[in-house]
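Structure first, commentary second.
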Amino acid sequence: MRTTSIRGLVARAATIMTMATAVVTGSVTAPAHAVVPPHPATGSRPGPIDSLVDTAVAGYLADDRIPGAAVTVVAGGRTILAEGYGLADVGHRTPVDPDRTAFFLGSLAKLFTAQAASRLVAGGELDPKADVNERLRAVTVPDTHPGRPVTLHHLLTHTAGFDSDLVGRTKARPEDVEPLAESLTTRRPPRVRAPGVVAAYDNYGYALAGQLVAEVTGQSFPAHVDEHVFRPLGMTSSTLAQPQPNAVAARLARGYRPDGAAGWTEDKGQYGAWTPSGPGAVSTAADMGRWMTDQLTGASAANRLMQRVQYRQDPRLPGLGYGFEEWRRGGRTGWFKDGDISGFHSNLLLVPSHGVGVFVVFNGDGTDGRAGRDGKELIHRIVDALVPDAPKTATPAPAADAAVDSYTGTYRSARVSRTGLMAVEGLVSAVTVEREGRNGLRTVGLSTDPDRPEQSWSSLGDGLFRERDAEGGTLAFTEDGLLVSSTTPATAYEKLTWRQDPALHTGLLAFGLGVLALGAVGFPATALLRRARGRSGHPPTARAARAAAAAAGLTAIAFTAALATVVADGNKMMEAVPLGSPLLTTVTVLGTVLAFLTLGVTVGAIAAWLRGWWSLPGRLAFSCTAAAAAAATVVLVHYHLVGPPFA
């Protein structure tokens with residue numbers, strides 16, 4: 001971990017902000033590499049898939065320090081593997097049971113929301129293209145874009161245009177969760193773009209879709225899903241209720257992050273009002289097998305709506321169904337969804353053409369947050385073993401593209417907040433696109449694999465590129481300046497101007513905080529030296545200006561130190577942002593103090609020139625300090641590091 005550069009500090013903070021939801025409570029010590037064998041639910045389980053999964057999961061738990069996991073594989077209309085591994089509760093040494101252990105699902109809950117809404121669409125009770133305000137009563141969507149209303153179709157395809165901000169949105173205890181309608185009103189993010197234009201992964205949109213289902217049916221959202229989704233499939237250990245029924249609550253797995261050399265700390269913060277988008281949803285491996293089997297074998301109109309492309313940012317790349325994202329690997333196609341919440345990481349993939357479904361869940365973040373990546377890797381290994389690849393077609397030959405230079409530049413994920421603290425993610429998560437060779441490109445920051453940050457691409461012509469030395473990865477550049485990747489169909493990337501370039505902002509912030517930190521030492525030292533020489537006859541206003549500069553320097557040092565403390569433990573930071581943290585509040589309070597001190601330093605610099613304070617070098621040094629304070633403050637304000645972190 002880098003703690004010596006401003007870019008490194010903010011990078012760690014912002015990258016982790018997108019992943020999680022809680023605050024640390026308590027520490028549980030247990031051998032990090034003590035892996036419990038598979039739960040003996042199926043007795044002897046011969047077969048290559050069983051051996052593949054057993055070996056792979058044992059490796060993930062041991063190597064990445066994850067307490068437990070569960071895996072379900074369905075094929076041919078039945079569950080062929082449902083196994084638990086490791087510990088569901090470290091303190092009580094409770095093993096994971098695929099039939100009984102309930103895991104928090106995170107964003108996999110969006111699949112249930114999409115299914116509930118799709119049922120109403122299929123039954124004619126909801127028009128997916130109608131203004132949601134026509135059916136909502138407790139919540140209203142502002143008419144920010146007249147003539148461009150938000151529809152259910154927009155909500156379910158991440159194209160409604162709401163800003164993204166999850167800071168302070170979750171709770172440590174289910175009893176503290178506010179009603180859905182109340183939270184949708186009091187914590188509503190602004191509409192930052194017209195609907196139906198850009199895909200930008202949207203938790204608020206899915207929460208609003210759940211409220212729409214509740215108002216149309218007259219049931220609470222958890223009750224409706226229980227009656228119309230879970231019960232018909234026999235999913236008796238699944239619920240969206242907060243708190244959970246006693247029978248389910250008694251069997252909940254606990255989520256953990258690595259702590260020290262050989263222990264775990266329990267994560268908190270899996271609850272929240274926006275249940276339709278993820279918080280509070282729980283299920284077992286066995287129940288998820290029932291759900292996948294229904295998706296693969298059931299012929300309901302709702303299932304068909306979910307597994308049909310409803311929106312594509314670019315017609316040549318994977319698109320979005322309702323709830324699902326389209327998946328391609330080699331010649332295979334399917335539908336996937338990932339879920340991440342504090343201490344729990346889940347992945348689900350369906351390959352309908354072969355009747356195969358896979359569900360993987362871990363109750364630990366893993367070293368450096370690797371659990372989510374482990375799940376994707378395991379699913380690919382299982383699918384590779386079960387689903388033969390389609391016959392190879394000729395790889396398109398590289399083609400010249402006269403516009404290749406126009407694609408280069410810096411891009412930012414459309415889901416990055418424009419109005420909240422999570423805007424700081426944009427400071428470090430930008431994607432750079434550079435020309436490589438005659439008709440190729442090189443990207444940095446686009447890959448979801450941290451071990452492969454750079455990728456090389458060959459042009460196929462007309463703004464389409466295929467990754468070199470990789471299987472099936474493609475990206476496209478649209479006429480309206482968007483970058484679209486085949487691996488992230490739910491979020492496009494928007495091209496930035498030079499003024500929006502985070503490299504410029506990072507340089508300004510580093511310059512500002514660095515100069516201010518020098519001033520924290522330099523100005524008091526100069527004042528003491530002048531006093532020792534009997535040359536301290538400046539007016540009180542001049543001394544006040546220098547004191548403000550020294551205070552700004554001390555504040556800059558404190559801000560940097562607070563940020564360093566926040567990001568010292570990556571997994572802990574993953575929890576703290578959505579749950580809210582006193583230390584996170586300290587960072588933004590210090591940013592606010594620095595902004596006020598900057599005003600005083602700027603006024604002092606102007607007065608120094610007008611009134612002739614100090615020598616010429618002294619005035620120049622003070623003006624440089626004022627410029628540094630202004631540069632740092634402008635960046636902090638732009639990324640919402642000034643003011644409270646959440647309302």
Side-chain angles (χ1 to χ4, degrees), residues 1 12 15-16 19-39 56-71 83-98 100-106 170-173 249-271 279 282 284-285 339-347 360-375 377-378 450 565-579 581 583:
M1 181 187 67
R12 185 69 179 270
T15 301
I16 297 168
M19 296 180 58
T21 58
V23 70
V24 56
T25 61
S27 177
V28 179
T29 301
H33 299 284
V35 179
V36 176
H39 187 276
V57 174
Y60 294 139
L61 299 192
D63 296 343
D64 296 334
R65 296 184 58 199
I66 302 170
V71 181
E83 288 300 331
Y85 302 84
L87 300 173
D89 185 321
V90 170
H92 292 89
R93 306 294 296 172
T94 306
V96 173
D97 184 324
R100 295 179 49 80
T101 302
F103 290 85
F104 286 91
L105 299 177
T170 62
K171 305 292 183 182
R173 303 190 316 154
R251 297 184 274 113
L252 280 176
R254 301 186 181 276
Y256 300 91
R257 65 175 179 272
D259 181 17
W264 288 290
T265 290
E266 184 179 348
D267 288 329
K268 297 293 183 182
Q270 296 89 9
Y271 301 96
V282 301
T284 64
D340 300 284
I341 201 164
S342 177
F344 293 86
H345 303 273
S346 53
N347 309 87
V360 177
V361 62
F362 295 100
N363 65 322
D365 298 321
T367 304
D368 297 326
R370 297 181 69 90
R373 180 185 168 197
D374 290 343
E377 179 181 289
L378 178 58
T565 303
V566 167
V567 303
D569 183 335
N571 284 328
K572 183 176 180 180
M573 180 63 185
M574 285 165 46
E575 305 168 292
V577 173
L579 188 62
S581 161
L583 193 55

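Excluded from the calculations below are hydrogen atoms, water molecules and symmetry mates; all remaining heavy atoms, backbone and side chain alike, are included. In what follows, residues are counted from 1 in the order of the sequence shown.
With a 4.5 Å cut-off on side-chain heavy atoms, V71 and Y85 count as touching. Using a 4.5 Å heavy-atom threshold, the side chains of W264 and P67 count as touching. Looking only at side-chain heavy atoms (C-beta outward), L378 and Y60 come within less than 4.5 Å of each other. Side-chain atoms of T284 and T101, non-hydrogen and from C-beta on, never get closer than 4.5 Å to each other. Within the 4.5 Å cutoff, the side chain of F103 has no heavy atoms near those of the F362 side chain. Contact check for D365 versus H345: side-chain heavy atoms found under the 4.5 Å cut-off.
Within 6.0 Å of the CZ atom in R251, the count of heavy atoms belonging to other residues, nucleotides or ligands exceeds 12.
Here the side chain of R65 pairs no donor or acceptor atom with the backbone of G364 at under 3.5 angstrom. Remark: the backbone N or O of L105 is paired with a side-chain donor or acceptor of S346 at under 3.5 angstrom. Checking side-chain atoms of Y256 against main-chain N and O of G343 turns up no donor-acceptor pair under 3.5 Å. Q270 contributes no side-chain N or O that, together with a main-chain N or O of A172, makes up a donor-acceptor pair within less than 3.5 Å.
When all heavy atoms of A371 and I66 are compared, the pair lying nearest together is CB-CD1, 3.9 Å.
Screening D63, V57, D64 against L61 for a side chain to side chain contact (heavy atoms under 4.5 Å, CB included) leaves a single residue, V57. In summary, of the residues considered (T94, D89, N363), a side chain to side chain donor-acceptor pair (under 3.5 Å) with R254 occurs for D89 alone.
Distance check: I341 CD1 to T170 OG1 gives 7.0 Å after rounding to the nearest 0.5 Å.
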